[in-house]
Peer 1: 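The structure follows.
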Amino acid sequence: MAPTFVFPRTLQHLEQDSSSEDNDNNNNNNNNNLSVQNPTNISSLSSSQLEEFVKGVSFDLSDREILCIQDQDVFDRVYSLVRGYSSLHHSCKLNLVESLRSNLAVLLPNVDSLSRVSNEDVDDHVLVVDRVASHRNAFKIYTYFLLNIVLAEDSNNAPKVVAASSRKKQPAHSWNWEPQRARILNLIASSLEINLELLFGSSDPDEGYLSFITKNAFTMFENAALLKDSNSKDALCRIIGACSTKYHYTTQSSVSIMHLIHKYDFAVVHMADAVAGAEKKYSDGSLATSIVREIGRTNPKDYVKDTIGAENVGRFLVELADRIPKLISTNIGILVPHFGGESYKIRNALVAVLGKLVSKAFKDIDGEASTKNIRLRTKQAMLEILLERCRDVSAYTRSRVLQVWGELCEEHSVSIGLWNEVAEIAAGRLEDKSAIVRKSALNLLIMMLQHNPFGPQLRVTSFEATLDQYRKKLKELEPSEGSDNENSNVDGEVDDLNFEAVEKERQESVTDTFMSQEEDAIPMQNGSDSSVPDVGNLEQTRALVASLEAGLRFSKCIEATMATLVQLMASSSASDVENTILLLMRCKQFQIDGSEECLRKMLPLAFSQDKSIFEAVENAFRAIYIRKNPMETAKNLLSLATDSNTGDLAALEFIVGTLVSKGDISSSTISALWDFFCFNVGGTTAEQSRGALSVLCMVEKTSTGVLGSHLQDIIDIGFGRWSKVDPLLARTACLAIERLSEDDKAKLLANNSVRIFGILDSLITGFWLPANIWYAAADKAITAIYAVHPTPEIIAADMIKKSLSSVYKDCGGSDTDTSSSMPITVQVAKLSRCLFVVSHTAMNQLVYIESCARKIQKQKLAKEREDIESQNTDSNGTASTGTQKDNDINAELGFAASEDAALDAMFEKAEKEIVSGGSKDKNLVGICATFLSKLCRNFGLLQKYPELQASAMLALCRLMVIDADFCDANLQLLFTVVENAQSEIVRSNCTIALGDLAVRFPNLLEPWTEKMYARLQDTSISVRKNAVLVLSHLILNDMMKVKGYINEMAVRLEDEDERISNLAKLFFLELSKKGNNPIYNLLPDILSKLSKQNLSNESFFNIMQFLIASIKKDRQMEALVEKLCNRFSGVTDVRQWEHISYCLSQLSFTEKGMKKLIDLFKTYEHALSEDSVMDNFRNILNKAKKFAKLELKTYIEEFEDKLNKFHMEKKEQEVTARNAQIHQQKIDSREGFNVNKNYEDHSTSNTSSDGEVIDTSTEGTNSLSINGKSGSKPVPEASSSALSELIESDQVDIEVQSPMVKTTGAQRSRIKTNVKGEKGDISIIKESSSVLSELIESDQVDIEVQSPMVKTRGAQQSRVKKTNVKDENGDISITKKRATRSRR
């Protein structure tokens, strides 16, 4: 019998076994082991010899029987080839691999046949045993050599960094190894799946064989390139599954799998495939259970440190739950405790696992009722955990939970009982502070709308109507069947539906059955008649009513989110805006109330600089308003234009222009718009006609010539009888005339010039339009005149004269009757219109002059360009040279520059003449300007007529914008009005005008900057809003420098009006994007000024938190640490300490910033006594510990101990100082006072002439006087009793520390009782209490009274007891006597 083959630790150990056999012949184990005796060094062979050697081995393996591998000669030669496998040629490798693999493939059927022979020939037992041993040996040898070949080949083919060119040339002489490897691994996997019980003598193979197979299989799992080959990967999974499950190698495999999962992220999915494959093939989940238990036993804190391992373990669990949900559901309790761990990645994974289990593990419930109940309770518990995790502390986990709920909704795994609860949670998460959570919440609501079980229409009114009908029907059914249903409940709560749903699930299946009910409910919602379909018996009607109530609740929940969605559209996060628009589109699809109004608010987002936001708005607009039917598209667009405000119209114009350029608005849609404008469509109103013309004006901006085709219709309809019905139609017609192309304007002047200008003149000077419409119409009419007329100043002068004459005519008629108020009213109205015409005409004249200047400049440049081109293309060299010389001479003499200067001077003169004129005689507008300036200074008159004041100030501001001298002369008047005007409309208009003036004349407005910022404090919301807008525009466009008043803008972050607050936030957000973030430099100044303002702590904290959050750079954060710490040095106010420390706590600390904070301890140590300051520093340290490395963490902990210690010391010092101060105040209140007026005479008589103090202890008092001069004041009785209490508290040594008293030029003196003053004697009479008398009588050891610290002129500091101190005025005598002594 051949020696037994034992798996060595390495291939080379087969040679070591043979050497150990020679050295130890007594070792029976080694004698029975097969080892290498005569290895061949194939590296010494030539290529031809090596090829012959390989062919010989292959011939022996194929020609002899398959068990020949045990022969020593064959074994040695095969070993030699396997050992030197890497040096073999590809053909030799192929021969060797094919020989070994084919022999093993033939051997496997023999093993099965061997088991059958053994059962038949029981008599010849010895022969069977020998055959089994030979087959076992050969089986192990083939397996061993083949696996070593696979490992050797894979190590040679390991990926290396090679050039792209070498990769292309490499396959020329290479062989295709992957199919060979897959065949080998599949063969080994098949060998494990056959019956090896007879071969190995037991149901499990020996330990060495399994250890060798699994070890090498797991080693191959570490090769990412190998796993890309699906055949090889599947074979490895089969090997792992068979070893772990069939042959009970579970524990060791679990450890190896966990190691792979932690170390290699690419192996996670493949490990899950292996584990799930083993469970499905062998119906044994022991491997999966073992791994899950191993994960469950892991300390949750370990996953906090190993973040990569935590992520891989989480992915593995999710993959397992997806593949074998039922098995994981039975072991989920092991994993639930990890929800309490700190690793959010594990919590994310567990949430995803629960989602997979809810959707897959409970689809079919078979078995007994008790089993069903347990599984249903398990599912309910999982759902409750998912609901609870929506409030997880980590934003990542909250986001993941919402994503899981979205997946469950998509798979219809959420019952109606939970539907509304999930919807309400998602609606609440829309206000989450994290953008990723808000994004997930928006996506969840989109998914819930898309898969809602309540129908395609979710109008609240339709639900309520249908619900009322079925409630009535339910009441009709209840009396007839009420006696049979004692437990019926008709309160209509959704929770009752939960129990009914659970009962139904128990009877039928886990999946929800409400969809079929809702399909019946859909036509009921649409039905408007009172009769409703019969849905069945009482129980079915109750279920339908509960379902309708749930649908109504869901609809109201979505409707309630509209206000939040509008806020999200103004979010700085692009994902918020995009997903909000998608949700609103879905809401409109399901007809949620208020969704269409919210969608219109997305129009201003078309101006967003973020390309993704603009694309989202464009796509939403195209999906909602653009239809295949041109008539529908036209109707949608004109309705949108009719209902939009000025800002929305500008955005709509931008979007329409984009869609026209892309061809989304076709020519057929434009024709449909003309049909609406011309009333060719039945039922068209004047308002719709105006909307159609407005859209056509927008189209004209992109596609010129659209309006020219219907020019006559614009004049006839826009200014005809329909303008009386809708006065705004005339304004829109003026806008259309203004936007005509140059060719169309020429046609208009040629054909209808007299008519059109007559109409426009009558519109401006006439009174056939209402007052509220006239101003807007006159604005566009004047602009149209200047856009079309060749000499607009002539017709404009006529209009001004007509307006003035109408005013003066009325004034002349009203002079005779001053008591009547009616003429004054007419005069004021016409005067207001006249001022508007004058000022708006002057403004348009300025624009006209500037446009003329641009045209001249453009013509001049075009001419110069033509001259240059003609010079380059001129064939006559002489002429070209002469022209070039002339141009050079002109350039040297500066003629070109002088021409530009002359043009500029001419344009400047033309602008100057608009208001002030070029000569002493003022022009028409100049005369009106003088009158207007005087009128605006008549405050008494304007206060009586607020409308006149609004018109006058608006006109004044327009004229100030035109002329610098006029602006300078009236600037003080303007600021006076903007501060003191009673009308908030006037103040708002003036505030806006200040912005225009700052752009036009920045040097004139620069000294008034503080006054402009003062508008932010106005009591009116509209004034503050306009001030924020104006200042934002000026600062962000670099038209005004950010000066020291920016703190006023910061205060607006906490404005009571939400819109103003949002505008201020937008300003600072945009400001932070400019350059190197100006907020970084402004922050210390803002902090200083806000600390001095009367702001609540909450408002201050919110402002600074927002501002600091806009600083992102680490370098700036580190610099702010130093700046803020240094601010502690010059501050003594506790409130400012608190504010500075709070700002420090809001910074994002880096390692460098943290070290800087620690180094600057001396700057803020004095502020650490305050608890609020200390709390802020603790917050800093807690945040720093999260990112700190081990060394820095130790440093931070030491610093924390130092802070706490210093804080306690400061607190103790504070307590001591406070107690001393209280004590000092008590003594101060008695110094220089007499205790009782009754003793004044007595104390005076008992005072000796030399200033000696006489102790009148027999009378129960101690009296003190200096030089007989009384400087005392009576002491109240309350003070006396307080002193008694003070003395009572001291039992043995009674010492009273008196206050520090300072006198001019004196040194300190500390004495016992008497103090000599600079001006005479101070007498102190202390009335002893009974307790004090008893203390004195009882002969206490030492009663000491510490006198005040007094600075007397020229005296040295000394402390004496029972002695005399000589000062400049005399002796100070101190005497203490006991009560028993006689009076001296």
Side-chain angles (χ1 to χ4, degrees), residues 82 85-86 88-105 108 142-162 164 166-194 212-245 253 256-257 259-261 263-281 287 312 315-316 319-320 322-323:
V82 173
Y85 181 81
S86 59
L88 295 178
H89 193 265
H90 299 309
S91 59
C92 297
K93 289 180 179 180
L94 184 60
N95 287 337
L96 178 62
V97 169
E98 282 297 322
S99 300
L100 292 173
R101 187 189 62 79
S102 59
N103 278 15
L104 180 59
L108 294 184
Y142 283 124
T143 303
Y144 181 76
F145 283 143
L146 283 172
L147 278 178
N148 272 285
I149 288 173
V150 171
L151 293 174
E153 184 66 28
D154 285 337
S155 63
N156 292 336
N157 293 336
K160 299 177 182 178
V161 179
V162 293
S166 62
R167 290 178 186 170
K168 295 178 181 177
K169 296 176 182 178
Q170 189 178 358
H173 302 290
S174 64
W175 66 308
N176 196 357
W177 162 243
E178 287 187 359
Q180 296 294 335
R181 179 180 59 201
R183 292 192 194 103
I184 294 171
L185 293 177
N186 275 300
L187 183 61
I188 294 173
S190 300
S191 70
L192 289 168
E193 292 171 356
I194 65 173
F212 174 76
I213 295 290
T214 54
K215 175 185 174 183
N216 289 286
F218 284 119
T219 302
M220 293 180 201
F221 266 113
E222 297 177 4
N223 187 351
L226 184 150
L227 295 176
K228 293 178 181 178
D229 181 16
S230 59
N231 292 327
S232 300
K233 187 262 295 182
D234 293 340
L236 287 175
C237 291
R238 288 168 58 197
I239 292 171
I240 296 297
C243 293
S244 304
T245 306
S253 298
S256 300
I257 289 173
H259 170 73
L260 280 174
I261 291 171
K263 194 172 182 181
Y264 303 102
D265 57 347
F266 59 82
V268 170
V269 177
H270 308 302
M271 286 290 99
D273 289 336
V275 174
E279 192 273 340
K280 291 177 181 176
K281 187 173 184 64
L287 178 60
N312 292 345
R315 286 176 52 213
F316 177 74
E319 296 292 338
L320 271 189
D322 190 37
R323 289 164 173 77

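The structure displayed is predicted, hence computed values, not measured ones.
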Peer 1: Rounded to the nearest 0.5 Å, what separation is found between the CG atom of L104 and the CD1 atom of I184?
Peer 2: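 Separation between the atoms: 10.0 Å.
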
Peer 1: Is a donor on one side and an acceptor on the other found under 3.5 Å between the side chain of N312 and the backbone of I261?
Peer 2: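 Between the backbone of I261 and the side chain of N312 there is a qualifying donor-acceptor contact (under 3.5 Å).
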
Peer 1: According to side-chain contact (heavy atoms from CB on, under 4.5 Å), who are the partners of A182, at least two apart in sequence or on a separate chain?
Peer 2: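 With sequence neighbours excluded, A182 shows a side-chain contact (heavy atoms from CB on, under 4.5 Å) to N186, D229, N231, S232, given in chain and number order.
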
Peer 1: Decide yes or no for I257 and F218: does some side-chain heavy atom of the first lie under 4.5 Å from some side-chain heavy atom of the second?
Peer 2: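 Of all side-chain heavy-atom pairs linking F218 with I257, at least one is under 4.5 Å.
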
Peer 1: How close do N223 and F266 get, counting heavy atoms only, and between which atoms?
Peer 2: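 Heavy atoms only, the tightest pair is C-CE1, 4.2 Å.
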
Peer 1: Charged N to carboxylate O below 4.0 Å: is that the case for R181 and E153?
Peer 2: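 No, R181 and E153 are not salt-bridged.
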
Peer 1: Return the set of residues passing ring-ring contact (aromatic ring centres under 6.0 Å, His included) with F212 (not counting sequence neighbours), or none when no residue passes.
Peer 2: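 If we apply the ring-ring contact (aromatic ring centres under 6.0 Å, His included) test to F212, skipping adjacent residues, the hits are F7, Y144.
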
Peer 1: If you round to the nearest 0.5 Å, how far is CG of L185 from CG of L226?
Peer 2: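 Output value for this atom pair is 7.0 Å.
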
Peer 1: Taking the side chain as every heavy atom from C-beta outward, state whether K233 and D273 have any atom pair closer than 4.5 Å.
Peer 2: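 Yes, side chains in contact.
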
Peer 1: Please find the pair of heavy atoms, one from S253 and one from L287, that lie closest to each other, and give the distance.
Peer 2: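 Closest approach of S253 to L287, heavy atoms only: CB-CD1, 4.2 Å.
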
Peer 1: Do the side chain of S244 and the main chain of G241 share a donor and acceptor less than 3.5 angstrom apart?
Peer 2: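 No: the side chain of S244 does not pair with the backbone of G241.
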
Peer 1: Determine, stepwise, if the pair I239 / T214 fulfils side chain to side chain contact (heavy atoms under 4.5 Å, CB included).
Peer 2: CA-CA 8 Å; I239 292 171; T214 54; 5.8 Å; no

Peer 1: Counting only N and O atoms by type, is there a donor-acceptor contact under 3.5 Å from the side chain of R315 to the main-chain atoms of D265?
Peer 2: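 Yes, the answer is positive, given that a donor and an acceptor are paired below the 3.5 Å cut-off.
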
Peer 1: Please name the pair of heavy atoms, one in R183 and one in R101, separated by the smallest distance, quoted to 0.1 Å.
Peer 2: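 Where R183 meets R101 most closely, the heavy atoms are CB-CD, 3.8 Å.
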
Peer 1: Could you grab the distance from atom NE2 of H90 to atom CG of N95, nearest 0.5 Å is fine?
Peer 2: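 Result: 13.5 Å between the selected atoms.
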
Peer 1: Which residues pass the salt bridge (Lys or Arg N to Asp or Glu O under 4.0 Å) test with E279, sequence neighbours left out?
Peer 2: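 Not a single residue meets the salt bridge (Lys or Arg N to Asp or Glu O under 4.0 Å) criterion with E279.
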
Peer 1: Which heavy atom in V150 sits nearest to a heavy atom in W177, and how many Å separate them?
Peer 2: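 In this case the closest contact between V150 and W177 is CA-CZ2, 3.8 Å.
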
Peer 1: If you take all heavy atoms of L192 and C243, which pair is closest and at what distance?
Peer 2: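 What the structure gives for the nearest pair is CD1-SG, 3.8 Å.
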
Peer 1: Of the non-hydrogen atoms in S190 and R238, which two are nearest, and what is the gap between them?
Peer 2: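 The answer is OG-NH2, 3.3 Å.
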
Peer 1: With a 4.5 Å limit on heavy-atom distance, are the side chains of Y85 and L151 in contact?
Peer 2: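 Side chain of Y85 against side chain of L151, heavy atoms only: no contact under 4.5 Å found.
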
